[in-house]
Q: 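Here you go, one structure.
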Amino acid sequence: MKILVCISKTPDTTSKISFVNNGKEFNSEGIQYIMNPYDEWYALVRAVELKEKNGGSVTVINVGDVSSEIVIRKALAIGADEAIRVDVVPESSLQVAKEIAAHAAGYDLVLTGKETIDYNGAEVGAMLAELLDLPYVSFAFKLEKEGEDWLVSREVEGGTETLKVGGPIVLSAAKGMAEQRIPNMQGIMMAKKKPLNVVASIGAEKGSVVASHEMPPAKSGVKMIAPDDMDTLVKLLHEEAKVI
Amino acid sequence: MSVLIAIEPVNGTINKGGFELATFARLTANQLTTEAHALVLGNATNAGELGRYGIQKVHTLVHNNLEVFDSQVYSKVIAQAAGQLGATIVVVRHNANGKSILGRLAILMSADAVSGVNAAPLGGAVFTVSKSVYSGKAIAHYQLNSSNKVLSLMGNALQPQILGEEVNPQPIGLEVAAPKLQLVSRETETGHVPLPEAEKVVSAGRGMKGPENWGIVEELAAALGATTACSRPVADTGWRPHHEHVGQTGVAIRPNLYIAIGISGAIQHLAGVNNSKTIVVINKDPEAPFFKAADYGVVGDLFEVVPRLTEAVKKFKNA
């Protein structure tokens, strides 16, 4: 079984977000980058678990410049066997999907996280599935192999559903799929020797890109209410906030 | 040229999310001096009501092959409808199904795509939409230059407005391929509004001290008609089910009212809730970081404050 896991590099959750060049560019100064948590905790860990159970291999693919290699090495330390880095700075979901699609043929399973924590797009998986002409299940929280088929559970509006589908498929992984794994020392040592293939970009088109950013309006400040005066809170929620 | 929304009814009805789409489509169509159409995929008793919220023509398609949601099948049907109706802008909901469709439509229609749009497009020479990014820490503006455009609309981003009258839905003939996905089982959560759609959420954290104390949270939620949620440590220790976990790694929500009880407000939690319209924080620790993100704060013992709030809500509702 060959599994491909798409991983992104994103700013750490605790990062202070700001922009330069009139709001056009993200200010990366002082930003610590991590592997997108949904890619790491759910997609990658489940891929490694499936490989451990059924045999096969796990390849991770990232679209990014050399600064991505720290998260790629971490993915290898967690248990991926090899990595592909497409050497171009990503600017849109369409570009990323097209660059990955050029290397995604021949896998039984292609996994992404449900979305990235920077642009929260949740688009790459579906685009990739369409480019590869494969079935796609988004927000999967459970994935099992059953004979030749996959059994996938996903969130739907107002509940969940379980689906059966023959491979190959593209899936986006959500909470519940797997538990976070911390790479151990052996994994970290082995990761240094695993192949990381850098390939040239196919020059994929970008489609819509962000024209500018702005910061959301600041909260006007918290209004404190005395703990024994809940009638006032209810009144404010009704008259001022207009939410009840 | 027209604006087309695609809707899958839930349990035979179109819910508020569908009406939000209708209003968004009409506001967009008005800017471009064109019409707003809807494609309803499956049976819906209230499809005609889309007219009240702005849709001028409702097209319905009921087909056995649409009974299981297979994004490949649905996307091809929607792209086909767009072609037939001459729609150049297609809008879907930013829910689980919409997220599976949007990317596929972008490829099928060679369209620029923006997911999770948070307001009607800005009028002007270039079609511009915005969305919340970096988990609510910033807003990004996208300019779409392609002739076809596909968007998904964030739930609760705008409220449905009465913009017209009920219309008569008309069936539309489209080819529907056989799905590759097979439905094995479906579990429906009943009795409360699911978290991603909830307008009011009452959430509690470790300050509750144990699962046996959740009664006061449930009573407040019941009084408000709210859905209950919890913080990550609470779900991880098994005090509450995982599907109640809101935050960056759990469910991200944007209700009108979010009441956080005994939750300190770690940045990962805030990332999942800071798009809420109004945030109320109840905590005994005046230094809890959540107060900085709150609109209203109460410093006090939650075991006293929460029942008092429940009583005040009941009194207000009965008044």
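Reminder, nothing fancy here: chain letters follow the sequence lines and each chain counts from 1. Keep in mind the model is a prediction, meaning the values are calculated, not measured.
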Q: Checking A:Leu94 against chain B: side chain, backbone, both or neither under 4.5 Å from a heavy atom?
A: side chain

Q: Side chain, backbone, both or neither: which part of B:Asn145 has an atom under 4.5 Å from a heavy atom of chain A?
A: neither

Q: What are the two closest heavy atoms between B:Ala96 and A:Glu155, and how far apart are they?
A: CB-O, 3.3 Å

Q: For chain B, which of A:Lys242, A:Met127, A:Glu240 has the most heavy-atom pairs under 4.5 Å?
A: A:Met127

Q: Of all of A:Ala122, A:Pro135, A:Ser153, A:Ala97, which one pairs up most often with chain B through heavy atoms under 4.5 Å apart?
A: A:Pro135

Q: Heavy-atom cut-off 4.5 Å, strictly under: side chain, backbone, both or neither for A:Phe139 against chain B?
A: side chain

Q: Measure distances from A:Asp149 to the heavy atoms of chain B and classify the residue's part below 4.5 Å as side chain, backbone, both or neither.
A: neither

Q: Is any side-chain heavy atom of A:Val243 less than 4.5 Å from a side-chain heavy atom of B:Lys200?
A: no

Q: Check A:Ile17 against B:Ala138 and note the closest heavy-atom contact, atom names and distance.
A: CG2-CB, 4.3 Å

Q: Identify the heavy atoms of A:Ser208 and B:Val114 that sit nearest to each other, and give their distance.
A: OG-CG2, 4.2 Å

Q: With only heavy atoms counted, which part of A:Ile169 is less than 4.5 Å from chain B, the side chain, the backbone, both or neither?
A: neither

Q: Quick one: does B:Val133's side chain get under 4.5 Å of A:Asp118's, heavy atoms only?
A: no

Q: Which one wins on heavy-atom pair count under 4.5 Å against chain B: A:Lys206, A:His213, A:Glu214?
A: A:Glu214

Q: Where does A:Val210 contact chain B at under 4.5 Å (heavy atoms): side chain, backbone, both or neither?
A: both

Q: Using non-hydrogen atoms and a 4.5 Å limit, figure out which bit of A:Val137 sits close to chain B: side chain, backbone, both or neither.
A: side chain

Q: Report yes if the side chains of A:Arg154 and B:Asn97 come closer than 4.5 Å at any heavy-atom pair, otherwise no.
A: yes

Q: Check the angle between the aromatic planes of A:Phe26 and B:Tyr134 and answer parallel, tilted or perpendicular using the 30° and 60° thresholds.
A: parallel

Q: Please look at A:Tyr38 and chain B and tell me whether the side chain, the backbone, both or neither of the residue comes under 4.5 angstrom of a heavy atom of that chain.
A: side chain

Q: Is A:Phe141 close to chain B through its backbone or its side chain, or both, or neither, when contacts mean heavy atoms under 4.5 Å?
A: neither

Q: Considering all heavy atoms of both residues, which atom of A:Met215 and which atom of B:Lys137 are nearest to each other, and what is their separation?
A: CE-O, 3.3 Å

Q: Would you say the side chain of A:Pro227 lies within less than 4.5 Å of the side chain of B:Asp301, judging by non-hydrogen atoms?
A: no

Q: For the atom pair CD (B:Glu187) and CD (A:Glu161), what is the distance rounded to the nearest 0.5 Å?
A: 9.5 Å

Q: At a 4.5 Å cut-off on heavy atoms, which part of A:Lys114 comes close to chain B: side chain, backbone, both, or neither?
A: side chain

